[in-house]
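A short write-up of the structure that comes next.
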There are 2 protein chains.
Amino acid sequence: MIVYGLSVIEFRDNAYVWVQVRDVLKTRIIEGTYRPGQVVPSESTLVQEFGVARNTIRKAVKALREEGLITTVPHLGSFVSENLPNG
Amino acid sequence: MIVYGLSVIEFRDNAYVWVQVRDVLKTRIIEGTYRPGQVVPSESTLVQEFGVARNTIRKAVKALREEGLITTVPHLGSFVSENLPNG
DNA sequence: ACCCATTTGTGCGTATGTATA
DNA sequence: TTATACATACGCACAAATGGG
């Protein structure tokens, strides 16, 4: 279970936290909450929002990066890819 | 057997992985690949290089530390001792 | 030129869980 | 039961680059 914002989200207890975070972020990208070209919330923001460790956020973000969903620019942030991969 | 870099190193299958890693690192220190006062590759670097878990790297590094071959400074890294012990 | 907050990158310390022998 | 070895997940600290003022 992960608490963030003002809501409480129930997660599958059997899934790894970083996988759950990754899936939430992926859904936000696919559904357009985070739009192509726009910046993804910073690590510290996501840490506060999801209430998990920064390493865990970084692992989720890394996975999105390797899937081609986002591009990370050091010291600037991560941005949603303009051309989202199929899938 | 541990693969790292471009080479493939055959290890004794009967020896523990952390002992094998420790011995490789020790050899590098004794032979001067890692020189006194200089920093030893980070845990994550060694994880990638040896292809083993971080815990295993840490166990090998801890052994070197207890042998006086290196000194570890939290958040900075491990450094080869200036005065290497005999043996 | 300077400060300063933000952000990612990196590093070690620690605890826990799972599987295996 | 114990030790090994994998991965996950928390914390904490510092560096380096960016951008605003």
Side-chain angles (χ1 to χ4, degrees), chain A residues 1-4 9-26 28-29 34 37-81, chain B residues 1-4 9-26 28-29 34 37-81:
Chain A
M1 190 268 286
I2 296 180
V3 182
Y4 60 96
I9 305 294
E10 293 288 342
F11 282 95
R12 297 153 285 149
D13 287 337
N14 55 323
Y16 295 129
V17 177
W18 75 265
V19 171
Q20 300 177 39
V21 172
R22 179 202 63 188
D23 290 346
V24 170
L25 296 178
K26 184 189 291 190
R28 291 180 181 178
I29 291 174
Y34 303 148
Q38 290 191 337
V39 69
V40 173
S42 70
E43 294 176 359
S44 62
T45 298
L46 295 175
V47 164
Q48 292 180 334
E49 184 181 14
F50 287 93
V52 301
R54 187 182 167 210
N55 284 351
T56 304
I57 295 294
R58 284 181 61 78
K59 191 159 188 171
V61 168
K62 179 185 178 187
L64 297 177
R65 193 162 50 239
E66 292 174 343
E67 289 187 52
L69 291 173
I70 64 174
T71 301
T72 299
V73 181
H75 314 123
L76 275 185
S78 290
F79 302 84
V80 180
S81 300
Chain B
M1 190 268 287
I2 298 179
V3 181
Y4 60 96
I9 305 295
E10 293 289 343
F11 282 94
R12 297 151 285 148
D13 288 338
N14 55 322
Y16 296 128
V17 177
W18 74 268
V19 171
Q20 300 177 40
V21 172
R22 180 202 63 186
D23 290 347
V24 169
L25 296 179
K26 184 188 290 189
R28 290 180 181 178
I29 291 174
Y34 304 149
Q38 290 191 339
V39 69
V40 173
S42 69
E43 293 178 359
S44 62
T45 298
L46 294 175
V47 164
Q48 292 180 332
E49 185 181 14
F50 288 93
V52 301
R54 187 185 167 208
N55 285 352
T56 303
I57 294 295
R58 284 183 59 79
K59 193 159 187 173
V61 168
K62 180 186 178 186
L64 297 177
R65 192 162 51 238
E66 291 174 343
E67 289 188 50
L69 290 173
I70 65 174
T71 302
T72 301
V73 182
H75 312 127
L76 271 185
S78 290
F79 302 85
V80 180
S81 301

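All heavy atoms count here, side chains included; hydrogens, waters and symmetry mates do not. To find a chain, count down the sequence lines: A is the first, B the second, and so on, and within it residues start at 1.
Checked against side-chain hydrogen bond (donor to acceptor under 3.5 Å, both in side chains), B:Thr56 has no partners two or more places apart in sequence or in another chain. For the side-chain hydrogen bond (donor to acceptor under 3.5 Å, both in side chains) test, no residue two or more places apart in sequence or in another chain qualifies with B:Thr71. Judged as a side-chain hydrogen bond (donor to acceptor under 3.5 Å, both in side chains), and not counting sequence neighbours, the contacts of A:Lys26 are A:Glu67. With sequence neighbours excluded, the residues that form a side-chain hydrogen bond (donor to acceptor under 3.5 Å, both in side chains) with B:Arg58 are B:Glu43.
A nucleotide of DNA chain D counts as in contact with chain A when one of its atoms lies under 4.0 Å from a heavy atom; the first and last such, 5' to 3', are D:dT8 to D:dG19.
In this structure, the side chains of B:Thr72 and B:Ile70 come closer than 4.5 Å at one or more pairs of heavy atoms. With a 4.5 Å cut-off on side-chain heavy atoms, A:Val39 and A:Tyr34 do not count as touching. Between A:Val21 and A:Ile57 there is a side-chain heavy-atom pair separated by less than 4.5 Å. Within the 4.5 Å cutoff, side-chain heavy atoms of A:Leu25 are placed close to those of A:Phe50.
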Check nucleotides 7-10 of chain C against the protein and report each pair of N or O atoms closer than 3.5 Å, with its distance, or say if there are none.
residue : atom : partner : partner atom : Å
C:dT8   : OP2  : A:Glu43 : N            : 2.9
C:dT8   : O4'  : A:His75 : N            : 3.2
C:dG9   : OP2  : A:Arg58 : NH1          : 3.1
C:dG9   : OP2  : A:Arg58 : NH2          : 3.3
C:dG9   : N7   : A:Arg54 : NH2          : 2.6
C:dG9   : O6   : A:Arg54 : NH1          : 3.0
C:dT10  : O4   : A:Arg54 : NH1          : 3.2

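When the P atom of C:dC12 is taken as reference, atom NZ of B:Lys62 falls 16 Å away, rounded to whole Å.
Each of A:Ala53 and B:Lys59 was assigned the nucleotide of DNA chain D with the nearest heavy atom; the assignment lying further toward the 5' end belongs to B:Lys59.
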